[in-house]
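Every value quoted in this text rests on a predicted model; they were computed, and no experiment measured them. Throughout, protein chains are lettered first and strands after them, A, B, ... in sequence-line order, and every chain is numbered starting at 1.
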There are 2 protein chains.
Amino acid sequence: MPQPVKHSIEAMLDAARALVLAGGPAAASARAVCQATGASSGSVYHRFPRRDDLVAAAWLRAQDRFLHAYLDALEPASAEAAAHAAVSVLTWCGAHPEDAALLLRHSLRDLLRGDISPALAARAEADRQALDAALTATAAATGIALPDLILAVVDLPYAVARRTLRDGATPTPADAAALHRAATLLLADRPC
Amino acid sequence: MPQPVKHSIEAMLDAARALVLAGGPAAASARAVCQATGASSGSVYHRFPRRDDLVAAAWLRAQDRFLHAYLDALEPASAEAAAHAAVSVLTWCGAHPEDAALLLRHSLRDLLRGDISPALAARAEADRQALDAALTATAAATGIALPDLILAVVDLPYAVARRTLRDGATPTPADAAALHRAATLLLADRPC
DNA sequence: TTGCAACTAGAGAGGTCTCTCTAGTTCATG
DNA sequence: CATGAACTAGAGAGACCTCTCTAGTTGCAA
(Lines give C-alpha, C1' and ligand atoms only; values in the text may rest on other atoms or scores of the structure.)
Protein backbone atom coordinates (compact mmCIF):
# COMPACT_ATOMS: atom_id res chain seq x y z
CA MET A 1 0.00 0.00 0.00
CA PRO A 2 2.78 2.49 0.62
CA GLN A 3 5.07 4.20 -1.78
CA PRO A 4 7.87 1.83 -2.77
CA VAL A 5 11.01 2.14 -0.71
CA LYS A 6 13.74 4.05 -2.48
CA HIS A 7 16.37 4.10 0.21
CA SER A 8 16.86 1.03 2.35
CA ILE A 9 17.79 0.98 6.01
CA GLU A 10 20.67 -1.32 5.20
CA ALA A 11 22.15 1.17 2.77
CA MET A 12 21.99 3.87 5.42
CA LEU A 13 23.68 1.65 7.99
CA ASP A 14 26.35 0.72 5.45
CA ALA A 15 26.95 4.38 4.76
CA ALA A 16 27.15 5.23 8.45
CA ARG A 17 29.64 2.43 8.98
CA ALA A 18 31.79 3.51 6.07
CA LEU A 19 31.75 7.11 7.26
CA VAL A 20 32.83 6.16 10.77
CA LEU A 21 35.64 4.00 9.47
CA ALA A 22 36.85 6.64 7.05
CA GLY A 23 36.60 9.71 9.21
CA GLY A 24 35.78 8.79 12.78
CA PRO A 25 32.53 9.09 14.68
CA ALA A 26 32.15 12.78 13.94
CA ALA A 27 32.11 12.09 10.20
CA ALA A 28 29.00 9.97 10.52
CA SER A 29 26.54 12.83 10.54
CA ALA A 30 22.98 12.43 9.38
CA ARG A 31 23.82 14.89 6.65
CA ALA A 32 26.77 12.84 5.44
CA VAL A 33 24.60 9.72 5.32
CA CYS A 34 22.08 11.64 3.24
CA GLN A 35 24.76 12.62 0.75
CA ALA A 36 26.31 9.16 0.66
CA THR A 37 23.06 7.34 0.02
CA GLY A 38 21.29 10.00 -2.01
CA ALA A 39 18.42 10.03 0.47
CA SER A 40 16.98 13.25 1.77
CA SER A 41 17.14 14.16 5.42
CA GLY A 42 13.41 13.57 5.67
CA SER A 43 13.93 10.05 4.43
CA VAL A 44 16.67 9.34 6.91
CA TYR A 45 14.82 10.87 9.84
CA HIS A 46 11.74 8.90 8.91
CA ARG A 47 13.67 5.73 9.78
CA PHE A 48 15.90 7.00 12.53
CA PRO A 49 14.37 9.71 14.72
CA ARG A 50 17.78 10.82 15.88
CA ARG A 51 21.26 10.84 14.48
CA ASP A 52 22.50 8.75 17.39
CA ASP A 53 19.93 6.06 16.65
CA LEU A 54 21.25 5.71 13.13
CA VAL A 55 24.86 5.32 14.17
CA ALA A 56 24.00 3.05 17.07
CA ALA A 57 21.93 0.84 14.78
CA ALA A 58 24.95 0.39 12.54
CA TRP A 59 27.09 -0.59 15.51
CA LEU A 60 24.50 -2.93 16.99
CA ARG A 61 23.94 -4.61 13.65
CA ALA A 62 27.64 -5.45 13.58
CA GLN A 63 27.54 -6.70 17.14
CA ASP A 64 24.53 -8.90 16.47
CA ARG A 65 26.27 -10.43 13.49
CA PHE A 66 29.39 -11.08 15.49
CA LEU A 67 27.60 -12.57 18.45
CA HIS A 68 25.63 -14.90 16.23
CA ALA A 69 28.86 -16.47 14.96
CA TYR A 70 30.61 -16.37 18.30
CA LEU A 71 27.84 -17.96 20.35
CA ASP A 72 27.48 -20.65 17.70
CA ALA A 73 31.16 -21.52 18.05
CA LEU A 74 30.80 -21.65 21.82
CA GLU A 75 27.79 -23.91 21.59
CA PRO A 76 28.72 -27.43 22.77
CA ALA A 77 30.05 -26.21 26.11
CA SER A 78 33.60 -27.58 26.44
CA ALA A 79 37.18 -26.41 26.70
CA GLU A 80 37.75 -27.32 23.06
CA ALA A 81 34.74 -25.30 21.95
CA ALA A 82 35.98 -22.39 24.05
CA ALA A 83 39.36 -22.40 22.33
CA HIS A 84 37.56 -22.72 19.03
CA ALA A 85 35.39 -19.75 19.85
CA ALA A 86 38.48 -17.70 20.64
CA VAL A 87 39.88 -18.45 17.20
CA SER A 88 36.50 -17.85 15.60
CA VAL A 89 36.81 -14.22 16.61
CA LEU A 90 39.74 -13.88 14.25
CA THR A 91 38.14 -15.77 11.38
CA TRP A 92 34.97 -13.72 11.71
CA CYS A 93 37.00 -10.53 11.62
CA GLY A 94 38.68 -11.70 8.46
CA ALA A 95 35.34 -12.48 6.87
CA HIS A 96 33.64 -9.25 7.96
CA PRO A 97 36.39 -6.65 7.98
CA GLU A 98 34.10 -3.62 8.01
CA ASP A 99 31.83 -4.73 10.83
CA ALA A 100 34.90 -5.96 12.69
CA ALA A 101 36.69 -2.66 12.33
CA LEU A 102 33.61 -0.83 13.54
CA LEU A 103 33.39 -2.99 16.66
CA LEU A 104 37.10 -3.08 17.40
CA ARG A 105 37.89 0.55 16.83
CA HIS A 106 34.86 2.09 18.49
CA SER A 107 32.74 1.43 21.50
CA LEU A 108 29.06 2.27 21.24
CA ARG A 109 29.56 5.20 23.56
CA ASP A 110 32.24 6.63 21.30
CA LEU A 111 29.90 6.89 18.38
CA LEU A 112 27.16 8.77 20.14
CA ARG A 113 26.93 12.49 20.63
CA GLY A 114 24.59 12.43 23.56
CA ASP A 115 23.72 9.87 26.14
CA ILE A 116 22.59 6.49 24.93
CA SER A 117 18.83 6.11 24.42
CA PRO A 118 16.94 3.54 26.53
CA ALA A 119 15.98 1.33 23.59
CA LEU A 120 19.56 1.11 22.41
CA ALA A 121 20.85 0.51 25.89
CA ALA A 122 18.36 -2.33 26.27
CA ARG A 123 19.48 -3.93 23.03
CA ALA A 124 23.14 -3.66 23.97
CA GLU A 125 22.35 -5.05 27.40
CA ALA A 126 20.47 -8.02 25.93
CA ASP A 127 23.50 -8.87 23.80
CA ARG A 128 25.71 -8.61 26.82
CA GLN A 129 23.48 -10.95 28.80
CA ALA A 130 23.37 -13.53 26.03
CA LEU A 131 27.16 -13.55 26.04
CA ASP A 132 27.24 -13.76 29.83
CA ALA A 133 24.87 -16.72 29.84
CA ALA A 134 26.91 -18.62 27.29
CA LEU A 135 30.14 -18.00 29.14
CA THR A 136 28.64 -18.97 32.46
CA ALA A 137 27.35 -22.21 30.94
CA THR A 138 30.77 -23.00 29.52
CA ALA A 139 32.44 -22.22 32.83
CA ALA A 140 30.02 -24.53 34.63
CA ALA A 141 30.42 -27.33 32.09
CA THR A 142 34.21 -27.20 32.05
CA GLY A 143 34.97 -26.25 35.65
CA ILE A 144 37.08 -23.32 34.51
CA ALA A 145 36.80 -20.23 36.68
CA LEU A 146 34.77 -17.57 34.91
CA PRO A 147 37.44 -14.84 35.07
CA ASP A 148 40.00 -17.20 33.57
CA LEU A 149 37.57 -18.20 30.86
CA ILE A 150 36.77 -14.60 30.01
CA LEU A 151 40.43 -13.73 29.80
CA ALA A 152 41.16 -16.60 27.41
CA VAL A 153 38.14 -16.46 25.13
CA VAL A 154 37.00 -12.84 25.28
CA ASP A 155 39.73 -10.42 26.27
CA LEU A 156 42.65 -12.14 24.62
CA PRO A 157 40.99 -12.68 21.22
CA TYR A 158 39.75 -9.12 21.39
CA ALA A 159 43.25 -7.81 21.99
CA VAL A 160 44.72 -9.87 19.15
CA ALA A 161 41.99 -8.95 16.71
CA ARG A 162 42.27 -5.30 17.59
CA ARG A 163 46.00 -5.25 17.04
CA THR A 164 45.94 -7.15 13.76
CA LEU A 165 43.16 -5.02 12.34
CA ARG A 166 44.75 -1.75 13.39
CA ASP A 167 46.34 -1.03 10.04
CA GLY A 168 43.56 -2.58 8.03
CA ALA A 169 45.39 -5.89 7.81
CA THR A 170 43.48 -9.14 8.22
CA PRO A 171 44.45 -11.83 10.74
CA THR A 172 46.76 -14.50 9.34
CA PRO A 173 46.63 -18.24 10.01
CA ALA A 174 49.74 -17.74 12.15
CA ASP A 175 47.82 -15.30 14.32
CA ALA A 176 45.04 -17.82 14.64
CA ALA A 177 47.46 -20.59 15.56
CA ALA A 178 49.21 -18.46 18.18
CA LEU A 179 45.89 -17.47 19.65
CA HIS A 180 44.67 -21.06 19.74
CA ARG A 181 47.81 -22.15 21.51
CA ALA A 182 47.60 -19.32 24.02
CA ALA A 183 43.91 -19.87 24.70
CA THR A 184 44.38 -23.61 25.17
CA LEU A 185 47.32 -22.98 27.47
CA LEU A 186 45.38 -20.51 29.59
CA LEU A 187 42.37 -22.81 29.75
CA ALA A 188 44.37 -25.79 31.00
CA ASP A 189 43.57 -25.94 34.69
CA ARG A 190 47.03 -26.93 35.82
CA PRO A 191 49.65 -26.40 33.17
CA CYS A 192 51.48 -29.73 33.14
CA MET B 1 60.07 39.48 30.22
CA PRO B 2 56.59 38.26 29.32
CA GLN B 3 53.38 38.57 31.22
CA PRO B 4 53.22 35.88 33.91
CA VAL B 5 51.44 32.71 32.87
CA LYS B 6 47.92 32.47 34.23
CA HIS B 7 46.75 29.29 32.59
CA SER B 8 49.17 26.42 32.23
CA ILE B 9 49.33 23.95 29.37
CA GLU B 10 49.09 21.11 31.86
CA ALA B 11 45.82 22.41 33.24
CA MET B 12 44.39 22.57 29.73
CA LEU B 13 45.48 19.02 28.99
CA ASP B 14 44.03 17.85 32.29
CA ALA B 15 40.75 19.52 31.42
CA ALA B 16 40.68 18.00 27.95
CA ARG B 17 41.34 14.56 29.42
CA ALA B 18 38.61 14.94 32.02
CA LEU B 19 36.15 16.13 29.40
CA VAL B 20 36.85 13.17 27.13
CA LEU B 21 36.46 10.72 29.98
CA ALA B 22 33.25 12.29 31.18
CA GLY B 23 31.49 12.91 27.91
CA GLY B 24 33.37 11.34 25.04
CA PRO B 25 35.57 12.93 22.41
CA ALA B 26 32.90 15.37 21.29
CA ALA B 27 32.72 16.87 24.76
CA ALA B 28 36.34 17.96 24.58
CA SER B 29 35.75 21.13 22.62
CA ALA B 30 38.07 24.10 22.83
CA ARG B 31 35.19 26.03 24.29
CA ALA B 32 34.62 23.46 27.04
CA VAL B 33 38.32 23.56 27.93
CA CYS B 34 38.06 27.34 28.19
CA GLN B 35 35.17 27.07 30.59
CA ALA B 36 36.77 24.30 32.62
CA THR B 37 40.07 26.09 33.10
CA GLY B 38 38.79 29.63 33.20
CA ALA B 39 41.04 30.55 30.31
CA SER B 40 39.78 32.56 27.38
CA SER B 41 39.70 31.14 23.89
CA GLY B 42 42.55 33.44 22.95
CA SER B 43 44.63 31.95 25.71
CA VAL B 44 43.91 28.40 24.63
CA TYR B 45 44.50 29.07 20.96
CA HIS B 46 47.73 30.82 21.83
CA ARG B 47 49.07 27.44 22.98
CA PHE B 48 47.24 25.09 20.64
CA PRO B 49 46.58 26.45 17.16
CA ARG B 50 43.81 23.94 16.61
CA ARG B 51 41.33 22.10 18.74
CA ASP B 52 42.65 18.76 17.52
CA ASP B 53 46.16 19.68 18.62
CA LEU B 54 44.93 20.25 22.12
CA VAL B 55 43.14 16.93 22.43
CA ALA B 56 45.92 15.03 20.70
CA ALA B 57 48.47 16.57 23.06
CA ALA B 58 46.49 15.24 26.01
CA TRP B 59 46.43 11.75 24.51
CA LEU B 60 50.09 11.77 23.53
CA ARG B 61 51.10 13.02 26.96
CA ALA B 62 49.41 9.96 28.44
CA GLN B 63 51.05 7.66 25.91
CA ASP B 64 54.50 9.12 26.56
CA ARG B 65 54.05 8.63 30.28
CA PHE B 66 52.96 5.05 29.80
CA LEU B 67 55.72 4.14 27.39
CA HIS B 68 58.34 5.62 29.68
CA ALA B 69 57.35 3.22 32.43
CA TYR B 70 56.77 0.27 30.11
CA LEU B 71 60.03 0.50 28.22
CA ASP B 72 61.89 0.91 31.47
CA ALA B 73 60.38 -2.32 32.78
CA LEU B 74 61.34 -4.07 29.55
CA GLU B 75 64.89 -2.79 29.75
CA PRO B 76 67.28 -5.66 30.61
CA ALA B 77 66.05 -7.82 27.72
CA SER B 78 65.04 -11.14 29.22
CA ALA B 79 61.99 -13.34 29.68
CA GLU B 80 61.73 -12.23 33.31
CA ALA B 81 61.82 -8.57 32.34
CA ALA B 82 59.17 -9.26 29.73
CA ALA B 83 56.84 -10.78 32.31
CA HIS B 84 57.64 -7.89 34.60
CA ALA B 85 56.77 -5.42 31.85
CA ALA B 86 53.43 -7.13 31.36
CA VAL B 87 52.62 -6.67 35.03
CA SER B 88 53.91 -3.10 34.95
CA VAL B 89 51.06 -2.25 32.61
CA LEU B 90 48.62 -2.99 35.42
CA THR B 91 50.55 -1.17 38.10
CA TRP B 92 50.93 1.86 35.89
CA CYS B 93 47.20 1.84 35.19
CA GLY B 94 46.51 1.73 38.89
CA ALA B 95 48.86 4.63 39.51
CA HIS B 96 47.57 6.74 36.63
CA PRO B 97 43.89 5.89 36.27
CA GLU B 98 42.95 8.93 34.22
CA ASP B 99 45.72 8.65 31.66
CA ALA B 100 45.12 4.91 31.55
CA ALA B 101 41.41 5.33 30.89
CA LEU B 102 42.16 7.83 28.15
CA LEU B 103 44.52 5.41 26.40
CA LEU B 104 42.41 2.30 26.91
CA ARG B 105 39.08 3.77 25.94
CA HIS B 106 40.11 5.93 23.00
CA SER B 107 42.52 5.72 20.13
CA LEU B 108 44.12 8.94 18.96
CA ARG B 109 42.03 8.88 15.80
CA ASP B 110 38.85 8.73 17.84
CA LEU B 111 39.56 11.98 19.54
CA LEU B 112 40.20 14.05 16.45
CA ARG B 113 37.64 15.82 14.35
CA GLY B 114 39.68 16.08 11.19
CA ASP B 115 42.58 14.11 9.85
CA ILE B 116 45.60 13.77 12.03
CA SER B 117 48.21 16.49 11.54
CA PRO B 118 51.69 15.51 10.33
CA ALA B 119 53.43 16.58 13.53
CA LEU B 120 51.10 14.50 15.66
CA ALA B 121 51.34 11.53 13.35
CA ALA B 122 55.12 11.72 13.54
CA ARG B 123 55.08 11.78 17.32
CA ALA B 124 52.70 8.82 17.50
CA GLU B 125 54.79 6.96 14.96
CA ALA B 126 57.99 7.59 16.92
CA ASP B 127 56.37 6.10 20.00
CA ARG B 128 55.27 3.09 18.01
CA GLN B 129 58.77 2.55 16.68
CA ALA B 130 60.33 2.81 20.12
CA LEU B 131 58.00 0.07 21.29
CA ASP B 132 58.74 -2.04 18.22
CA ALA B 133 62.46 -1.72 18.74
CA ALA B 134 62.26 -2.72 22.38
CA LEU B 135 60.11 -5.74 21.59
CA THR B 136 62.35 -6.84 18.75
CA ALA B 137 65.39 -6.58 21.02
CA THR B 138 63.69 -8.66 23.68
CA ALA B 139 62.63 -11.26 21.12
CA ALA B 140 66.19 -11.49 19.83
CA ALA B 141 67.70 -11.73 23.32
CA THR B 142 65.31 -14.38 24.57
CA GLY B 143 64.75 -16.40 21.42
CA ILE B 144 61.01 -16.01 21.75
CA ALA B 145 59.18 -15.57 18.46
CA LEU B 146 58.02 -11.97 18.10
CA PRO B 147 54.30 -12.79 17.64
CA ASP B 148 54.33 -14.92 20.79
CA LEU B 149 56.11 -12.18 22.69
CA ILE B 150 53.65 -9.54 21.55
CA LEU B 151 50.77 -11.75 22.54
CA ALA B 152 52.13 -12.23 26.05
CA VAL B 153 53.42 -8.75 26.87
CA VAL B 154 51.24 -6.48 24.75
CA ASP B 155 47.91 -8.08 23.94
CA LEU B 156 47.44 -9.94 27.20
CA PRO B 157 48.17 -7.02 29.55
CA TYR B 158 46.07 -4.77 27.34
CA ALA B 159 43.16 -7.16 27.61
CA VAL B 160 43.41 -7.43 31.37
CA ALA B 161 43.88 -3.71 31.93
CA ARG B 162 40.99 -2.85 29.69
CA ARG B 163 38.67 -5.22 31.48
CA THR B 164 39.58 -4.14 34.99
CA LEU B 165 39.35 -0.46 34.16
CA ARG B 166 36.07 -0.73 32.30
CA ASP B 167 33.91 0.00 35.32
CA GLY B 168 36.36 2.43 36.84
CA ALA B 169 37.87 -0.20 39.10
CA THR B 170 41.60 -0.33 39.69
CA PRO B 171 43.65 -3.51 39.20
CA THR B 172 44.20 -5.53 42.36
CA PRO B 173 47.37 -7.39 43.37
CA ALA B 174 45.47 -10.59 42.55
CA ASP B 175 44.98 -9.34 38.99
CA ALA B 176 48.68 -8.60 38.77
CA ALA B 177 49.59 -12.03 40.09
CA ALA B 178 47.25 -13.77 37.65
CA LEU B 179 48.66 -11.74 34.79
CA HIS B 180 52.23 -12.55 35.78
CA ARG B 181 51.42 -16.23 35.86
CA ALA B 182 49.67 -16.12 32.50
CA ALA B 183 52.44 -14.12 30.85
CA THR B 184 55.12 -16.44 32.20
CA LEU B 185 53.13 -19.40 30.95
CA LEU B 186 52.87 -17.99 27.46
CA LEU B 187 56.52 -17.03 27.37
CA ALA B 188 57.76 -20.48 28.34
CA ASP B 189 59.00 -21.93 25.07
CA ARG B 190 57.71 -25.41 25.76
CA PRO B 191 54.98 -25.51 28.38
CA CYS B 192 55.90 -28.18 30.92
C1' DT C 1 61.54 55.48 29.77
C1' DT C 2 60.73 52.85 25.91
C1' DG C 3 60.45 48.64 23.38
C1' DC C 4 59.13 44.19 22.98
C1' DA C 5 57.66 39.48 23.57
C1' DA C 6 54.50 36.65 25.78
C1' DC C 7 50.34 36.55 27.16
C1' DT C 8 45.15 37.64 28.30
C1' DA C 9 40.54 38.83 26.88
C1' DG C 10 36.40 38.23 24.55
C1' DA C 11 33.48 39.55 20.59
C1' DG C 12 31.89 37.68 16.51
C1' DA C 13 32.18 35.84 11.58
C1' DG C 14 31.38 31.84 9.43
C1' DG C 15 30.67 27.13 9.33
C1' DT C 16 28.34 22.63 10.26
C1' DC C 17 25.06 20.02 12.34
C1' DT C 18 20.47 18.38 14.11
C1' DC C 19 15.94 18.16 13.74
C1' DT C 20 11.36 20.09 12.35
C1' DC C 21 8.04 21.28 9.27
C1' DT C 22 5.28 21.64 5.19
C1' DA C 23 4.22 19.73 0.89
C1' DG C 24 3.96 16.29 -2.24
C1' DT C 25 4.20 11.22 -4.14
C1' DT C 26 2.93 6.45 -4.63
C1' DC C 27 0.01 2.49 -4.49
C1' DA C 28 -2.78 -1.41 -2.21
C1' DT C 29 -7.22 -1.45 -0.76
C1' DG C 30 -12.32 -0.53 0.05
C1' DC D 1 -12.21 6.41 -7.81
C1' DA D 2 -10.98 7.87 -3.26
C1' DT D 3 -8.60 7.02 0.91
C1' DG D 4 -4.87 6.79 3.80
C1' DA D 5 -0.41 4.79 5.21
C1' DA D 6 4.24 4.94 4.17
C1' DC D 7 7.32 7.35 2.16
C1' DT D 8 10.14 11.28 -0.34
C1' DA D 9 11.81 15.96 -0.59
C1' DG D 10 14.24 19.81 0.88
C1' DA D 11 14.08 24.42 3.09
C1' DG D 12 15.35 26.53 7.23
C1' DA D 13 15.40 27.63 12.44
C1' DG D 14 18.34 27.27 16.01
C1' DA D 15 22.25 25.45 18.44
C1' DC D 16 26.98 24.87 18.90
C1' DC D 17 31.66 25.04 17.44
C1' DT D 18 36.12 26.66 15.52
C1' DC D 19 39.08 29.97 14.77
C1' DT D 20 40.29 34.92 13.90
C1' DC D 21 40.90 39.39 15.11
C1' DT D 22 41.52 43.55 17.65
C1' DA D 23 42.77 45.49 21.90
C1' DG D 24 44.88 45.39 25.85
C1' DT D 25 48.29 43.85 29.94
C1' DT D 26 52.58 42.68 32.09
C1' DG D 27 57.34 42.90 33.27
C1' DC D 28 62.23 42.33 31.77
C1' DA D 29 65.97 44.56 29.09
C1' DA D 30 68.30 48.25 26.99
Distance, rounded to the nearest Å, where B:L111 contributes CG and D:dT18 contributes P:
14 Å

Once you round it to whole Å, what is the distance between C1' of C:dC17 and CG of A:L112?
16 Å

All pairs passing side-chain hydrogen bond (donor to acceptor under 3.5 Å, both in side chains) where residues 8-19 of chain A contributes a residue, at least two apart
A:E10-A:R61, A:D14-A:R61, A:R17-A:E98, A:R17-A:D99

Angle of first-five versus last-five pair axes in the helix from C:dT1-D:dA30 to C:dG30-D:dC1, to 10 degrees:
10°

Testing the 3.5 Å rule here: is there a donor-acceptor pair between the side chains of B:Y158 and A:R162?
yes

Tell me, yes or no, whether the heavy-atom count around B:R123 atom CZ, taken from other residues, nucleotides or ligands under 6.0 Å, exceeds 12.
yes

Which residues pass the salt bridge (Lys or Arg N to Asp or Glu O under 4.0 Å) test with B:D127, sequence neighbours left out?
none

Enumerate the residues from residues 22-40 of chain B whose closest heavy atom to DNA chain D is under 4.0 Å, giving them by residue number; use none for an empty result.
B:S29, B:A30, B:R31

Using heavy atoms and a sub-4.0 Å distance, could you list which residues of residues 42-62 of chain B are near DNA chain D? By number, please.
B:Y45, B:R50, B:R51

Say whether B:V154 and B:L149 are linked into one hydrophobic cluster, either directly or through other cluster members, by side-chain heavy-atom distances under 4.5 angstrom.
yes

Would a hydrophobic clustering, with Ile, Leu, Val, Met, Phe, Trp and Tyr connected at side-chain separations under 4.5 Å, put A:L54 with A:L120?
no

Counting only distance, no hydrogens or angles, is the base of C:dA9 paired donor-acceptor with the side chain of B:S41 under 3.5 Å?
no

Hey, is the main chain of B:L112 close enough, under 3.5 Å, to the side chain of B:D52 for a donor-acceptor pair?
no

Could you give the side-chain donor-acceptor pairs of residues 68-86 of chain B under 3.5 Å, partners two or more places apart or in another chain?
residue	atom	partner	partner atom	Å
B:Y70	OH	B:V153	O	2.5
B:S78	OG	B:P76	O	3.4
B:S78	OG	B:A81	N	3.1

When every non-hydrogen atom of B:D148 is compared with those of B:I144, the smallest separation belongs to CB-CG2, 4.1 Å

Can you tell me how the ring of A:W92 sits relative to the ring of A:F66, calling it parallel under 30°, perpendicular over 60° and tilted otherwise?
perpendicular

